[in-house]
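Worksheet: the structure to be examined is printed underneath.
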Protein chains: 2
Amino acid sequence: MSDAKIKNMEEFAAISGISRPTVSKYFHDPDSVRASTRERIEKALQDHDYRPNIYAVNQNRKLTKNIGIVVPYLADPFFAELARNAEQRCIDAGFRPTLYSAHGNPSVEVEILESLRVLKPAGVLMAPLGRSSDRAAVEKFCADVPTVLFDSELPDLGVPYIGSDNAQFALLIVDYLSRTGEPPCFLEMKYPANPNANKRRQGYIKAVEALGLTPHVVSIEGEGWSIEEIARIGGAKAIAKGAFATRSVLCSNDRLAIGFLVACYESNLTVGIGDDAVIRVSGMDDHPFSRFTCPPLTTVAQDYESISRHAVEALFGAIEGIENPQNRILFEGKLIMRQSA
Amino acid sequence: MSDAKIKNMEEFAAISGISRPTVSKYFHDPDSVRASTRERIEKALQDHDYRPNIYAVNQNRKLTKNIGIVVPYLADPFFAELARNAEQRCIDAGFRPTLYSAHGNPSVEVEILESLRVLKPAGVLMAPLGRSSDRAAVEKFCADVPTVLFDSELPDLGVPYIGSDNAQFALLIVDYLSRTGEPPCFLEMKYPANPNANKRRQGYIKAVEALGLTPHVVSIEGEGWSIEEIARIGGAKAIAKGAFATRSVLCSNDRLAIGFLVACYESNLTVGIGDDAVIRVSGMDDHPFSRFTCPPLTTVAQDYESISRHAVEALFGAIEGIENPQNRILFEGKLIMRQSA
DNA sequence: CAAAATACTTTACGCGCGCTAAATTATAAC
DNA sequence: GTTATAATTTAGCGCGCGTAAAGTATTTTG
């Protein structure tokens with residue numbers, strides 16, 4: 001490794017004994033040059049460690065190799081995992097993903113889109129905040145940049161969407177809980193962040209009614225992304241009021257369930273399926289932390305793998321201008337039985 | 001808002017009636033132009049929504065406004081929070097932060113540094129993986145790019161470091177636990193990911209010995225970042241073996257404690273300070289989830305705020321070439337008393 | 001072995017903006 | 001109103017690379 005630093009492609013081309021346009025071609029696609037020239041370039045590359053200036057490259061290419069990955073709340077390990085998965089797939093495909101979190105804030109979400117425009121990304125993978133998202137801003141962005149939405153849908157936007165079949169989630173776990181004990185009540189936030197919550201509630205009601213039973217929905221106050229804390233406070237109140245008609249609670253998502261478990265603990269309700277337990281609690285999502293609650297949380301697992309894979313593939317399709325007829329793909333969940341229910 | 005799209009600064013300058021160099025100056029620093037010209041530019045900006053091409057800008061500036069924020073494991077909410085905090089501060093200072101996670105993988109960490117070189121960032125804020133980091137690669141990077149390390153130190157690297165006074169953490173909580181009950185045993189991973197763990201163990205030993213007592217360190221097997229799972233498995237084994245000499249366990253960090261709480265649950269040990277409790281468990285870090293365990297976790301809170309603020313400030317100093325004599329700043333922790341101990 | 005096909009080289013321009021020096025205003029100070 | 005000062009304009013080069021056209025070398029084909 002020579003320490004003589006190479007300034008630009010011109011110099012590097014001279015050193016490797018190949019013309020600059022050919023070297024440029026090589027960096028764009030190594031297989032596009034003859035094997036013998038490729039070898040010469042790669043030999044020079046070993047000795048001199050040169051890399052094209054990314055700014056000069058992107059200035060001249062119509063399309064950059066950048067991909068934006070936008071999630072609503074990165075401090076939620078659920079989104080961190082989804083983002084990580086998608087990120088790796090983009091890298092493997094030769095793109096440069098960049099991660100953004102709206103931190104639960106709609107104006108931050110809009111700012112992210114603005115700053116993404118400047119980056120002229122090839123495409124964007126976006127899990128919107130949901131209800132609080134600036135629909136118009138997102139719609140306009142999607143019209144300008146190939147975008148695939150995931151996790152949370154913005155209805156009727158005409159943008160490709162990959163997510164979970166939330167109604168099926170509810171059906172699955174209502175079925176299980178009803179088979180193994182009392183049918184569940186449903187715990188949710190009164191003003192949930194995204195439309196998934198509504199679909200889960202509807203799925204719950206339908207599933208319970210299909211069993212000829214009466215649904216019981218408990219909606220608690222509180223907005224924003226401090227979901228565990230909202231569930232802890234609201235859950236304790238609901239317990240004190242005797243709001244739960246049965247000894248089984250299905251929470252709209254795992255973070256709510258985690259908070260509700262604390263509420264139960266603080267209300268001296270033993271949770272689980274043991275003899276001493278007085279209440280069963282379950283969630284939905286298979287949040288990374290759900291297996292480390294006490295007791296470990298019974299839940300419905302999102303198909304992380306399939307969602308991220310299909311989202312990325314749909315994006316690559318959109319980037320290449322392929323109109324996918326299947327504009328909306330939903331994946332089923334799997335029941336994860338643990339000790340809480 | 002006219003829809004006529006502006007191609008470049010030349011065109012925008014013509015529309016706003018100001019010369020291009022002045023417009024350029026404005027974008028570099030709005031206050032560097034006369035108020036009256038600033039108004040004219042901003043008026044044109046309202047009508048036409050033009051933004052300088054970021055690639056052309058960065059190609060010509062010696063120094064970009066990019067800042068890299070590198071953390072070892074973004075799916076850990078602790079790092080997500082630290083990153084978020086630092087990110088916001090960078091934005092407020094007019095920089096463009098980009099978030100990277102090594103996902104617990106040393107080779108990914110090196111790749112991040114490589115790709116950061118290409119971005120020619122003004123500076124980098126890095127929480128290294130720790131023990132598994134490629135020291136040589138990090139050292140070389142730090143020599144080339146202004147870098148501030150935080151959370152986890154790479155000793156004797158001569159790079160500014162902002163972190164916590166881990167020995168003080170241990171002292172604080174050993175003191176508390178010993179005052180209110182039996183002195184704690186110390187639970188840790190045999191091969192911890194970063195040097196903080198060692199300092200905490202040393203602090204624990206010193207604190208216990210200062211009380212004239214015998215330290216008991218329990219080191220469990222397992223490597224990597226699945227810390228809760230490691231603690232669950234290893235903790236259960238240790239419990240079964242009767243490895244804990246006292247009825248009080250101090251875990252090296254909150255994630256270990258969260259896993260250990262599950263081990264206790266599964267071993268039918270009631271945790272807490274109530275009459276029925278047989279063991280007290282505490283952690284260190286004040287992990288975002290530590291308040292939602294059952295029982296809520298007693299811990300020592302890292303000073304997120306101070307760490308991120310000082311790290312960012314130290315970085316800004318380094319960017320401006322200011323040699324800070326105080327090359328290493330440690331912050332004290334605060335005792336957070338909850339129901340687990 | 002000649003012709004055709006492919007790969008490469010040379011030349012040259014363009015991308016959008018940073019930056020500078022000199023000339024020309026506009027503003028502030030007296 | 002004159003000066004000193006600050007702000008702006010004019011003019012033009014340079015950054016590093018993409019890309020196109022035309023010519024030359026190499027490989028493939030028959």
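As the structure is a prediction and not an experimental result, all values here were calculated from the model.
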Assert yes or no for the condition that the ring centre distance of A:F316 to A:F95 is strictly below 6.0 Å.
yes

First encountered from the 5' end of DNA chain C, between A:V23 and B:N53
A:V23

Nearest-Å distance, CD1 (A:I54) to P (D:dC17)?
12 Å

Out of D:dT9, C:dC8, C:dG16, minimum distance to the side chain of A:T22 belongs to C:dC8

Qualifying side chain to side chain donor-acceptor pair (under 3.5 Å) pairs with a residue from residues 135-146 of chain B, counting only residues at least two apart or across chains:
B:R117-B:D144

Strictly distance-based, threshold 3.5 Å: is any side-chain N or O of A:S133 a donor or acceptor partner for the main-chain N or O of A:L129?
yes

At under 4.0 Å between heavy atoms, how does the protein contact nucleotides 18-30 of chain C? Give one character per nucleotide, 5' to 3', with B, S or -.
BB-------S---

Are the side chain of A:T147 and the backbone N or O of A:C142 linked by a donor-acceptor pair below 3.5 Å?
no

Rounded distance in Å - CD1 (A:I6) to P (D:dC17)
11 Å

Output yes when B:R89 and B:E313 qualify as a salt bridge under the 4.0 Å nitrogen-oxygen rule, no when they do not.
no

What is the distance from CD of A:Q59 to C1' of C:dC13, rounded to the nearest Å?
14 Å

Grab the CD1-C1' distance between B:I41 and D:dT8 for me, whole Å please.
11 Å

Rounded to the nearest Å, what distance is computed from the CZ atom of residue B:R38 to the P atom of nucleotide D:dA7?
11 Å

What integer distance in Å separates A:K65:NZ from D:dC17:P?
18 Å

Calculate the interatomic distance between B:N8 atom CG and C:dC17 atom P; express it in whole Å.
5 Å

Measure the distance from CD on A:E11 to P on D:dC15 and round it to the nearest whole Å.
11 Å

Check ion pair A:R20-A:E11 (N to O, under 4.0 angstrom):
no

Does B:R84 pair with B:E81 as a salt bridge, N-O distance under 4.0 Å?
yes

Do the side-chain N or O atoms of A:Y50 get closer than 4.0 angstrom to the phosphate oxygens (OP1, OP2) of D:dC17?
yes

